[in-house]
Amino acid sequence: MSAPNAHGEVRQILDMNAFRPGDTKAQAVERRLANLGAASVLFYREPIEMVAAEGAWMTARDGTRYLDFYNNVPSVGHSHPKVVEAVAAQIAKLNTNTRYIVAIVDEYLEALKTHLPDALSNVVMTCSGSEANDLAIRVARAATGGSGIIVTETAYHGNTALVTEASPSALKRGSLPDHVIAVPPPGAGHFGEDIAGGFRASVEAAIAEFARRGIRPAALLADSIFSSDGIFSDPAGFLRPAVEAVRAAGGLFIADEVQPGFARTGEAFWGYARHGVEPDLVTMGKPMGNGFPMAGMAARPDHLASFCTDVGYFNTFGGNPVAAAAGLAVLEVIREEGLQQNALETGRVLLDGLRDIAAADARVADVRGAGLFIGVDLADEETGRPDADFTVTVIDAMRAQGVLIGAAGRYGATLKVRPPLCLNREEAERFLTAFRAAIRV
Ligand code: PMP
């Protein structure tokens, strides 16, 4: 995936604001590269060595404390004591493969299902979002008899062979296979005022193109907040016509909730719920265990059964007792600490503050988002074009002021504002102060 900067130069988004061979190497970086090799992905040209974290804050080896506006995994707060205790207690008592009945696993799944549509009463537990999406695509194919997958043009859905094919943002060269078609993300930039109608029309065009290729659609696979496309949240409801279109063509709707799920959008527990749709399959991961590697896929029993007739599914670690303990603690913390409401209220402070800044500075071209998931488009002042260079400058300037943040979007010129759900008002204000200063550099 390549992106033009304000001067029309093309560059790799994945390499943006990342350590690159040739950058100054501290000893710890040398050691890391020697161990992990070419697949090592590090933030910043001068990577940070982290030693601890708590709440919304991370501490580096040199003692610098950073406010974490990037990390959506420890979503209820870094090292949350309730999750830590639950994991520690369970691993001290029993952890095993998933072929035994262990009460806490069913307790967890029943608690999780209170948040899901009644029809999706089976949940398959996995260890990563990639595995969950891989399985969802396979289930959708078995249930529909189709193979075509529709995704958005800068989507990322994971790292297995199958899911990489459906992740245009992971492609460094080459093109998508015939059974994957990418459509523009649902934003005003592509569709003007009628985002819902425009998005539906592009999904219908993809279905027509599949027909021309002799391929039947299996699913529309969408991250319901379109994170790596640059965050597209409004107007709520825009997903519905596209979902209807894919269903009319015999396909399913897979909601990838790996990023927006677990209360982040403030308005709902899942991103899809803001759009008034019930997915056929829901995949989830990242914040599910607050850092404990766990993920899952919720499905209708008949869909899952049709898949399991042909192939079995077993996951050694997926949904083990420790994962269940972590997941249960996360659900309890979200409820006890009112984190969905906090995401809504603190997200509003950020949205309002960022929109005020945008009104006064042409380089902040657009602010979109829901709850604590906000995208901020940065543009060249004169041309108004997405400015990837300026975005890197801002990310580095934020780091210098002790705030960690990353970029997303087709042009790598959208700041992804995605702090832990426990963020408080003072921390939100601190971010806004740092951002005001960073865009002045
Ligand atoms: N879906 C989305 C929307 C993601 O952002 C990611 C990870 N960035 C995945 C799926 C894959 O999850 P994992 O890295 O846990 O395999």
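One-based numbering, in listed order, for ligands and for the atoms of each. Residue indices begin at 1 and follow the sequence shown.
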Can you say whether the rings of Phe226 and Phe199 are parallel (under 30°), tilted (30 to 60°) or perpendicular (over 60°)?
-> perpendicular
query: Going by heavy atoms in the side chains, are Trp270 and Leu116 under 4.5 Å from each other?
result: yes
How about Glu131 and Thr160: does a side-chain donor come under 3.5 Å of a side-chain acceptor? no
Applied to residues 28-51, the ring-ring contact (aromatic ring centres under 6.0 Å, His included) test, sequence neighbours excluded, yields Phe43-Tyr70
- prompt: Hey, which residues fall under 4.0 Å of ligand 1 on heavy atoms?
  reply: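 These residues qualify: Ser128, Gly129, Ser130, Asn133, Tyr156, His157, Gly158, Asp223, Asp256, Val258, Gln259, Lys286.
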Does CD in Glu54 sit with more than 12 non-hydrogen atoms of other residues, nucleotides or ligands closer than 6.0 Å?
-> no
Six-ring centre of Phe314, Arg99 cation under 6.0 angstrom, axis tolerance 45° |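 Positive - Arg99 is close enough to the ring of Phe314 and near enough to its axis.
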